[in-house]
Amino acid sequence: MAISSIEQLFTLFNETAQILQEELDCSFLEALSETGENIFQDTILQEELSEITEKRLKKQYESLQLDLFSKEEIRKAFQLVTLKGMKENIQPNHQMTPDSVGMLVAYLVEKFMEPQSFRLLDPAVGTGNLLMTVLNHLQRDVMGIGVDIDDLLIKLAYVNANLQEQPVQLFNQDSLEPLFIDPVDAVIADLPVGYYPNDLRAADYQLKAEKGHSYAHHLFIEQSVRHTKSGGYLFLIVPNGLFESEQAGALHEFIKEKLIIQGLLQLPSNMFKNKQAAKSILILQKQGAEIKPPKQVLLVNLPSLSNRQEMDKMMIKLNQWMKENKG
Ligand code: SAM
């Protein structure tokens, strides 16, 4: 992948977003979604711009030939500009899923999913970075579906999907409210972690807390399972302490009743600021007729992802496990 292409695109997204931010007096991320939409629609959609601003934008847009860039180049450039915008306004539970994690999830989806064509749901789609990373890495016919409560983030996901020409349906709503989405073949999600404030809605879930607020990440697991076909897979980025909290008992019960644990891959600790923030990728399968549990759950402590040698060893272990359990 050409670094200079990513740089060139980054500069264009960044500079045109800055121009729009100043003129529209909005946040950088709002301006980024506006410029992305302009590029996709091949026009300038904002009516309130001065003539000179319009000219400056037009000149930049005309210098761009988007079809010369690969989907991954576009995603990476868009990711870097989004990260820049997120630094302006840090919200810990809204962070984009990093590339390295997205690529691992893509690798796992590729390994576990057999059909050539399937539907993939991300109920916490955010900016769409995780979903696009997975879609861009799968050489299959995959229809993506994303849901997020945050209207700005989902707008960025929409721009992301459009610029990369990925078929994605997006819903801007609370994912724990009823979803009008037919059961999917697979779910991926970097789950929001913490308490869910809506106790009334939580009351509809088996995984509601007995007292006080429920854990959003538990309710997200239950909601994801409701929207997965029997035998479908879930690839969830979860906190390492998932099975150790005071509400973990109910989660264990729920998993025993409805799911099969296929694997738990602990992400390297150097990816996180502290132990509390550390995460794992949990691989689940929804129970169904003829669905058998693996002989052994795939348990991996991932090495630092930049450690090539250790990563290669891990891939060999994973391939061996696949052969013994899925082959
Ligand atoms: N994978 C995403 C990406 O690459 O940008 C990042 C996911 S981020 C860790 C968690 C997301 O969950 C945030 O975008 C947040 O807005 C969303 N979220 C939190 N609570 C939600 C809810 N009740 N319904 C829908 N989305 C929610």
Side-chain angles (χ1 to χ4, degrees), residues 29 32-33 36 72 75-76 78-87 89-106 109 120-137 144-161 164 166 168-181 186-202 204-205 207-208 213-224 226-227 234-239 242 267 271-273 277-282:
L29 286 180
L32 176 60
S33 75
E72 272 298 271
R75 185 189 63 77
K76 289 202 170 174
F78 199 78
Q79 170 189 252
L80 291 173
V81 209
T82 308
L83 270 178
K84 185 195 146 175
M86 283 188 160
K87 282 200 188 123
N89 186 355
I90 300 176
Q91 292 176 291
N93 240 336
H94 288 194
Q95 268 170 27
M96 243 188 313
T97 309
D99 254 14
S100 45
V101 178
M103 283 183 221
L104 261 167
V105 174
V109 174
L120 177 67
L121 166 68
D122 183 345
V125 73
T127 63
N129 196 45
L130 171 65
L131 182 60
M132 297 312 141
T133 309
V134 174
L135 292 179
N136 288 347
H137 283 84
I145 302 159
V147 189
D148 206 284
I149 198 164
D150 186 308
D151 51 354
L152 175 57
L153 294 182
I154 204 142
K155 217 169 154 200
L156 293 169
Y158 164 78
V159 169
N160 228 336
Q164 290 161 59
Q166 286 290 10
V168 175
Q169 276 176 358
L170 294 167
F171 298 86
N172 184 198
Q173 66 158 92
D174 181 343
S175 290
L176 301 174
E177 294 281 344
L179 293 175
F180 298 98
I181 297 170
V187 174
I188 53 169
D190 185 353
L191 297 181
V193 179
Y195 289 110
Y196 180 56
N198 186 344
D199 293 336
L200 209 62
R201 171 74 12 228
D204 267 0
Y205 288 81
L207 290 177
K208 65 177 181 287
H213 291 326
S214 308
Y215 278 143
H217 43 297
H218 288 198
L219 305 184
F220 258 80
I221 294 177
E222 184 171 341
Q223 179 71 319
S224 300
R226 286 184 189 170
H227 287 274
L234 300 99
F235 305 85
L236 306 174
I237 297 155
V238 300
L242 183 72
L267 292 163
M271 282 184 65
F272 304 95
K273 273 193 240 92
K279 299 202 174 164
S280 299
I281 304 177
L282 175 64

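We're numbering straight along the sequence, starting at 1. Keep in mind that what you see is a predicted model, and the values were worked out from it rather than measured. In listed order, ligands and their atoms are each counted from 1.
When non-hydrogen atoms are compared, ligand 1 lies under 4.0 Å from the side chain of Phe220 (C-beta onward) but not from its backbone. Here Asp174 has heavy atoms under 4.0 Å from ligand 1 in both its backbone and its side chain. Residue contacts with ligand 1, taken as heavy atom pairs separated by less than 4.0 Å, do not involve Leu131 at all.
The residue from Asp148, Leu130, Leu219 that puts a heavy atom closest to atom 15 (C) of ligand 1 is Asp148. Distances from atom 2 (C) of ligand 1 to the heavy atoms of Val101, Val125, Asn129 put Val125 nearest. Atom 20 (N) of ligand 1 has its nearest heavy-atom neighbour, among Pro192, Pro123, Pro197, in Pro192.
Taking every non-hydrogen atom of Gln173 and a distance limit under 4.0 Å, the qualifying atoms of ligand 1 come out as 24 (N), 25 (C). Close approach of ligand 1 to Gly126 (heavy-atom distance below 4.0 Å) involves ligand atoms 5 (O), 14 (O). For ligand 1 and Gln95, the ligand atoms under 4.0 Å from any heavy atom of the residue are 6 (C), 7 (C), 8 (S), 9 (C). Close approach of ligand 1 to Ser175 (heavy-atom distance below 4.0 Å) involves ligand atoms 22 (C), 24 (N), 25 (C). Close contacts of ligand 1 with Thr127, meaning ligand atoms under 4.0 Å from a residue heavy atom, involve 3 (C), 4 (O), 5 (O).
Every N/O-N/O distance between Asp150 and ligand 1 stays at or above 3.5 Å. Residue Asp190 places no N or O, backbone or side chain, under 3.5 Å from any N or O of ligand 1. An N or O contact shorter than 3.5 Å is missing between Asp122 and ligand 1 by distance. Considering backbone and side-chain atoms alike, Tyr196 places every N or O at 3.5 Å or more from each N or O of ligand 1. The N/O atoms of Ile149, backbone and side chain alike, include one that comes under 3.5 Å of an N/O atom in ligand 1.
To the nearest 0.5 Å, atoms CD1 (Ile237) and CG (Leu191) are separated by 8.0 Å. A distance of 8.0 Å separates CZ of Arg75 from CG of Asn160, quoted to the nearest 0.5 Å. Rounding to the nearest 0.5 angstrom, the gap separating the CD atom in Gln95 from the CG atom in Leu83 is 8.5 Å. The distance from the OG atom of Ser175 to the CD1 atom of Ile181 is 7.5 Å, given to the nearest 0.5 Å.
For Asp190, the salt bridge (Lys or Arg N to Asp or Glu O under 4.0 Å) partners two or more places apart in sequence, or in a different chain, are Lys279. With sequence neighbours excluded, the residues satisfying salt bridge (Lys or Arg N to Asp or Glu O under 4.0 Å) with Arg226 are Glu222.
A side-chain donor from one of Tyr196 and Asp174 sits under 3.5 Å from a side-chain acceptor of the other.
For the side chain to side chain donor-acceptor pair (under 3.5 Å) with Arg201, the qualifying choice from Asn198, Asp199, Asp204 is Asp204, the only one to do so.
The aromatic rings of Tyr215 and Tyr195 lie parallel to each other, with less than 30° between the two planes, well short of the 60° mark.
A distance-only check finds no donor-acceptor pair linking the side chain of Gln223 to the backbone of Tyr205 [under 3.5 Å].
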